[in-house]
Amino acid sequence: MPPGEYGERVPKSENTFSSWRRRLVQRAVHAGWAWLQRTGSVTAERPGRFRFGAMGTGTRLAFPLGTVFGEPWIHLGAHCIIGEQVTLTAGLMPDLDLGAEPILRIGDGVVLGRGSHVIADTTVTIGSDCYFGPYVYVTSTNHSYDDPDEPIGKQWPRMDPVSIGPGCWIGTGAVILPGARIGRNVVVAAGAVVRGVVPDRCVVAGAPAKVVRRWDPVEGWQPPLRTPAPVPIPDGVTPEQLLALAEWEAEGMGETA
């Protein structure tokens, strides 16, 4: 009887050996990649070929690394997480003598998200406890456009120091331009383009970025937050008590449903 004439075609049996071999290879590849990530990461204890001007305890540059050069003029604080493919550079190009002082300073507890770039051709300072989303671009150099007939890439760039205060959150894809002075505890929205001075305790968004919310010591956030602020947990409350309260509330909701 020809297949499919009076019924469905019978599926071919899977090659069990090939499937087992494929799974084995897949596990080996994942295990090998995990080993590369562990051994290829850069720490103060295992710096590899890199000689940073300073690198604090617990700081790690994840593998695979992005472009890194001018590391003698890069100072990294303690307990920083530098994500995969993050670029950190000091100076216009490798092998320059940049003097006695560091060019790029990163404080303690800083997180730089995957694929971010920090380009410090002149001084860039990132305060402690700053968190960057993926693909943030920070640069202290920009192309000039003085001559309309000369290719822009061949015109001498302009440099201006950048500073980002402690406790900031920089959203995915944000761009921090030369001369930016960002205060402490600032939120930079995803995709924002920041230049100039940004005051403390505010939220900026847009291109160019503008303040869309700021903290007032008397009136709080202006304009007010759309969602209520979380209620702080009282002192002395244990995790077990919180868990019991959550279970009690769940039982109560079930009884009233």
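In this chain, residues are counted from 1 in sequence order.
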Short side-chain to backbone donor-acceptor contact, [X] and [Y], under 3.5 Å:
X: E219; Y: D216; answer: no
X: T57; Y: H79; answer: no
X: R60; Y: G58; answer: no
X: Q155; Y: E150; answer: yes
X: D200; Y: R184; answer: yes
X: W156; Y: S144; answer: no
X: H75; Y: W73; answer: no
X: T59; Y: G77; answer: yes
X: R213; Y: P223; answer: yes
X: S140; Y: T123; answer: no

| query | Going through the distances and angles, do D235 and V237 end up as a side chain to side chain contact (heavy atoms under 4.5 Å, CB included)? | reply | CA-CA 6 Å; D235 293 337; V237 175; over 6 Å; no
Spell out, yes or no, whether [X] and [Y] are grouped together once hydrophobic residues are joined by side-chain heavy atoms under 4.5 Å, including indirect joins.
X: V198; Y: V212; result: no
X: I82; Y: V68; result: yes
X: V118; Y: V42; result: yes
X: V203; Y: L225; result: no
X: Y137; Y: L177; result: yes

| Whether over 12 other heavy atoms sit under 6.0 Å from R181 CZ | yes
| message | Are there over 12 heavy-atom neighbours, none belonging to I233, within less than 6.0 Å of that residue's CD1? | response | no
If you look at every heavy atom in [X] and [Y], which pair is closest and at what distance?
X: C80; Y: G107; result: SG-O, 3.0 Å
X: T67; Y: F69; result: CG2-CD2, 3.9 Å
X: G113; Y: V86; result: O-CG2, 3.3 Å
X: A62; Y: G83; result: CB-C, 3.9 Å
X: C168; Y: G183; result: SG-O, 3.1 Å
X: P161; Y: T122; result: N-CG2, 3.8 Å

Heavy atoms, side chains only, cut-off 4.5 Å: are [X] and [Y] in contact?
X: E240; Y: L243; value: no
X: M159; Y: T139; value: no
X: M55; Y: P47; value: no
X: V138; Y: F132; value: yes
X: I106; Y: L112; value: yes

| request: List the steps, then state whether side chain to side chain contact (heavy atoms under 4.5 Å, CB included) holds for Y135 with R114. | output: CA-CA 6 Å; Y135 308 108; R114 177 189 178 97; 3.6 Å; yes
Could you give the distance from [atom1] ([X]) to [atom2] ([Y]), rounded to the nearest 0.5 Å?
X: W221; Y: W215; atom1: CH2; atom2: CH2; answer: 7.0 Å
X: L88; Y: H117; atom1: CG; atom2: NE2; answer: 10.0 Å
X: I119; Y: L92; atom1: CD1; atom2: CG; answer: 10.5 Å
X: F52; Y: L76; atom1: CZ; atom2: CG; answer: 5.5 Å
X: T87; Y: L65; atom1: OG1; atom2: CG; answer: 9.5 Å

| query | Run the side chain to side chain contact (heavy atoms under 4.5 Å, CB included) check on V124 and I103 step by step: do they pass? | reply | CA-CA 6 Å; V124 172; I103 301 297; over 6 Å; no
| Verdict with reasoning, I182 to V194, per side chain to side chain contact (heavy atoms under 4.5 Å, CB included) | CA-CA 9 Å; I182 300 175; V194 181; 4.0 Å; yes
| said: Among V111, V136, V187, which residue satisfies the side-chain contact (heavy atoms from CB on, under 4.5 Å) criterion with I170? | reply: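 Of the listed options, the one satisfying the test is V136.
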| query | Which of these, V175, V193, V204, I164, sits in a side-chain contact (heavy atoms from CB on, under 4.5 Å) with V188? | reply | V204
| said: Using a strict threshold of under 4.0 Å (side-chain N to carboxylate O), is an ion pair present between D160 and R195? | reply: no
| query | Is the closest basic N to carboxylate O distance between E71 and R51 below 4.0 Å? | reply |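 No.
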| Residues which pass side-chain hydrogen bond (donor to acceptor under 3.5 Å, both in side chains) with T141, listed by chain and number, not counting sequence neighbours | D121
